[in-house]
J.: 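Next up is a structure, given as structure tokens.
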Protein chains: 2
Amino acid sequence: MKDPLDNLPGYVLRRASAATLAELNQRLEPLKLRHADVAFLLLIDEEPGISQSEAGRILDIQRANMVPFVSRLEKRGLLDRTKVDGRSQALRLTAAGRTKLAKARRIIGVFEASLMNRVPEKMRPMVLPILMALWKGPES
Amino acid sequence: MKDPLDNLPGYVLRRASAATLAELNQRLEPLKLRHADVAFLLLIDEEPGISQSEAGRILDIQRANMVPFVSRLEKRGLLDRTKVDGRSQALRLTAAGRTKLAKARRIIGVFEASLMNRVPEKMRPMVLPILMALWKGPES
DNA sequence: TATTGTTATACTCTATAACTATA
DNA sequence: TATAGTTATAGAGTATAACAATA
């Protein structure tokens, strides 16, 4: 039976997100990482020394939820924390974290290419602009 | 600070979905409905007498998770179940369910229009095809 | 044998409130 | 006063396994 909600962009957006997320998590399973882990590692790699709160703001993860998130990755030896003042801590990848991230990058690369590949070639340049517009609105 | 993941379609897809979902749930809050409730009511309205399992297959909700989902809406008087054979039950909207859905439809309409509105006009015809392609791949 | 509805359960993700120590 | 990190907790949402009744 055809899904009668297929003409609602909001609904299709959600289904597309859920389906592709599940696929990505499956691809990352050999590394024992989830999609959110990789996003976080990518962010730390690009902004070494970033604080936990700032990372949470960028990734839209609440301060409270960052705590177990960070400490799990720290326990696995993928990142470390160094106090920068009495409150903040600077997050940096360890060598193991960088090695892990390099592997994750390859998986992400294949995954993102596969995503683009299912879109007809003519429309590919519109994918990112459209998704950004849906996310953040017309400006920005 | 700019989000350094903004060039990854998969990541932006997830953020766009999460942001718009949260917005839709907020718009639906006065009706005490969640986005999944409305999708379900829309489906029953278009396929009256559909079974619980079949609805779950279409909406990608597991049989086991349909149980509390359906019974909550039934307790609120929005739908009813009638046995069609010893196993299956036909789902149908009640009068109250149709009234509620009519209100939800107006909210959905405004929401979907607002979604399209944040996309530059030239790209709007591509929104649904691109999202469908990301969801289900090139064929279909 | 396969399917429907069901129960029980667990895990992830997300949300809120409150506390502490620092700035 | 505002912020960073933390604790505790609760609520969605989602996943699996197993069972009884029925097809």
Side-chain angles (χ1 to χ4, degrees), chain A residues 1 11 13-15 17-26 28-29 32-40 44 47 49-76 79-92, chain B residues 1 11 13-15 17-26 28-29 32-40 44 47 49-76 79-92:
Chain A
M1 184 186 294
Y11 177 78
L13 176 59
R14 174 169 77 84
R15 294 298 300 269
S17 172
T20 57
L21 239 348
E23 187 188 329
L24 176 56
N25 281 331
Q26 226 172 333
L28 290 171
E29 210 276 333
K32 296 295 169 206
L33 290 175
R34 308 272 304 166
H35 64 88
D37 298 324
V38 177
F40 188 41
I44 298 174
E47 302 284 351
I50 194 174
S51 76
Q52 200 165 301
S53 305
E54 179 63 10
R57 271 189 295 271
I58 292 177
L59 300 173
D60 195 31
I61 300 174
Q62 316 260 341
R63 273 198 321 287
N65 296 328
M66 289 295 288
V67 178
F69 194 71
V70 166
S71 75
R72 191 168 44 83
L73 292 174
E74 192 192 24
K75 271 179 198 130
R76 291 176 62 187
L79 58 84
D80 57 18
R81 306 191 261 192
T82 59
K83 293 187 92 79
V84 56
D85 63 21
R87 294 183 298 183
S88 301
Q89 348 193 329
L91 302 176
R92 281 187 187 79
Chain B
M1 185 186 295
Y11 177 77
L13 176 60
R14 175 170 75 86
R15 295 297 301 271
S17 172
T20 57
L21 238 346
E23 187 187 329
L24 177 56
N25 281 332
Q26 226 173 332
L28 290 171
E29 210 276 332
K32 297 294 167 206
L33 291 175
R34 307 273 303 164
H35 65 88
D37 298 324
V38 177
F40 188 41
I44 298 174
E47 302 285 350
I50 193 172
S51 75
Q52 201 166 302
S53 305
E54 178 64 8
R57 271 189 295 272
I58 292 177
L59 300 174
D60 195 31
I61 300 174
Q62 316 259 342
R63 274 199 320 290
N65 295 329
M66 289 295 290
V67 178
F69 194 72
V70 167
S71 75
R72 191 169 44 84
L73 293 173
E74 191 192 24
K75 271 179 198 129
R76 291 176 61 187
L79 58 85
D80 57 19
R81 306 191 262 191
T82 59
K83 293 185 93 77
V84 56
D85 62 22
R87 294 183 298 184
S88 301
Q89 344 193 335
L91 302 176
R92 280 189 188 77

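Each chain gets a letter, A, B and so on, in the order its sequence line appears, and its residues count up from 1. Only a predicted model underlies this, so the values are computations on that prediction, with no experimental measurement involved.
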J.: Taking side-chain hydrogen bond (donor to acceptor under 3.5 Å, both in side chains) as the definition, give me every residue that meets it alongside B:R72, ordered by chain and number, with sequence neighbours left out.
T.: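 Expected list: B:D37.
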J.: Rounded to the Å, how far apart are B:L21 CG and D:dA12 P?
T.: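 To the nearest whole Å, that distance equals 15 Å.
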J.: Grab the CZ-P distance between B:F69 and C:dT7 for me, whole Å please.
T.: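 Answer to the nearest Å: 17 Å.
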J.: A:S88 or B:H35: which one's nearest nucleotide on DNA chain D is closer to the 5' end?
T.: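 So the residue in question is A:S88.
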J.: Would you say A:S53 places a side-chain N or O within less than 4.0 Å of OP1 or OP2 belonging to D:dG5?
T.: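 Affirmative; the distance criterion is met.
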J.: 5'-most contact on DNA chain D: A:M66 or B:A36, nearest heavy atom basis?
T.: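 Of the two residues, A:M66 wins.
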J.: To the nearest angstrom, how far is B:F40 atom CZ from D:dA12 atom C1'?
T.: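 B:F40 atom CZ is separated from D:dA12 atom C1' by 17 Å.
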J.: If I take atom CG from residue A:L59 and atom CZ from residue B:R15, how far apart are they, to the nearest 0.5 angstrom?
T.: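 If I round to the nearest 0.5 Å, the distance is 7.0 Å.
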J.: Between atom CG in A:L79 and atom P in D:dG5, what is the gap in whole Å?
T.: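 For the pair A:L79 CG and D:dG5 P, the rounded distance is 13 Å.
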J.: If you measure from CD1 on B:I44 to CG on B:L73, what distance do you get to the nearest 0.5 Å?
T.: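 It is 7.5 Å, given to the nearest 0.5 Å.
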J.: Which parts of nucleotides 14-23 of chain C does protein reach within less than 4.0 Å, heavy atoms only, written one letter per nucleotide 5' to 3' as B for base, S for sugar-phosphate only and - for none?
T.: BBBB----BS
J.: Restricting to salt bridge (charged side-chain N to carboxylate O under 4.0 Å, His left out), what partner residues turn up for A:K32, sequence neighbours left out?
T.: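 A:K32 satisfies salt bridge (charged side-chain N to carboxylate O under 4.0 Å, His left out) with A:E29 only.
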J.: Not counting sequence neighbours, which residues clear salt bridge (charged side-chain N to carboxylate O under 4.0 Å, His left out) with B:R14? List them please.
T.: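 Not a single residue meets the salt bridge (charged side-chain N to carboxylate O under 4.0 Å, His left out) criterion with B:R14.
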J.: A:R15 has an atom CZ; how far is it from atom P of D:dG13, in whole Å?
T.: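 In whole Å, D:dG13 P lies 15 Å from A:R15 CZ.
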J.: Atom CD of B:Q89 to atom P of D:dA21: distance rounded to whole Å?
T.: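 Answer to the nearest Å: 15 Å.
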J.: Is the phosphate of D:dT6 approached by A:Q52 (side-chain N or O, under 4.0 Å from OP1 or OP2)?
T.: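 Looking at the OP1 and OP2 atoms of D:dT6, one of them is under 4.0 Å from a side-chain N or O of A:Q52.
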J.: B:R57 CZ to C:dG5 C1': how many Å, rounded?
T.: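 Computing the B:R57:CZ to C:dG5:C1' distance gives 12 Å.
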J.: For B:R57, what residues pass the salt bridge (charged side-chain N to carboxylate O under 4.0 Å, His left out) criterion, not counting sequence neighbours?
T.: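 B:R57 satisfies salt bridge (charged side-chain N to carboxylate O under 4.0 Å, His left out) with B:E54 only.
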J.: Can you tell me how far P of D:dG11 sits from CZ of B:R72, to the nearest Å?
T.: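 To the nearest whole Å, that distance equals 14 Å.
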J.: Quick check for you: among C:dC13, C:dT6, D:dG13, whose closest atom lies nearest to any side-chain atom of A:R34?
T.: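 Nearest listed nucleotide: C:dC13.
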J.: Listing request: all salt bridge (charged side-chain N to carboxylate O under 4.0 Å, His left out) pairs with a residue in residues 79-90 of chain B, at least two apart in sequence or in separate chains.
T.: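 Listed by first then second residue: B:E74-B:R81.
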J.: Looking only at side-chain N and O atoms, does A:R81 come under 4.0 Å of OP1 or OP2 in D:dT6?
T.: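 Indeed, a polar side-chain atom of A:R81 lies that close.
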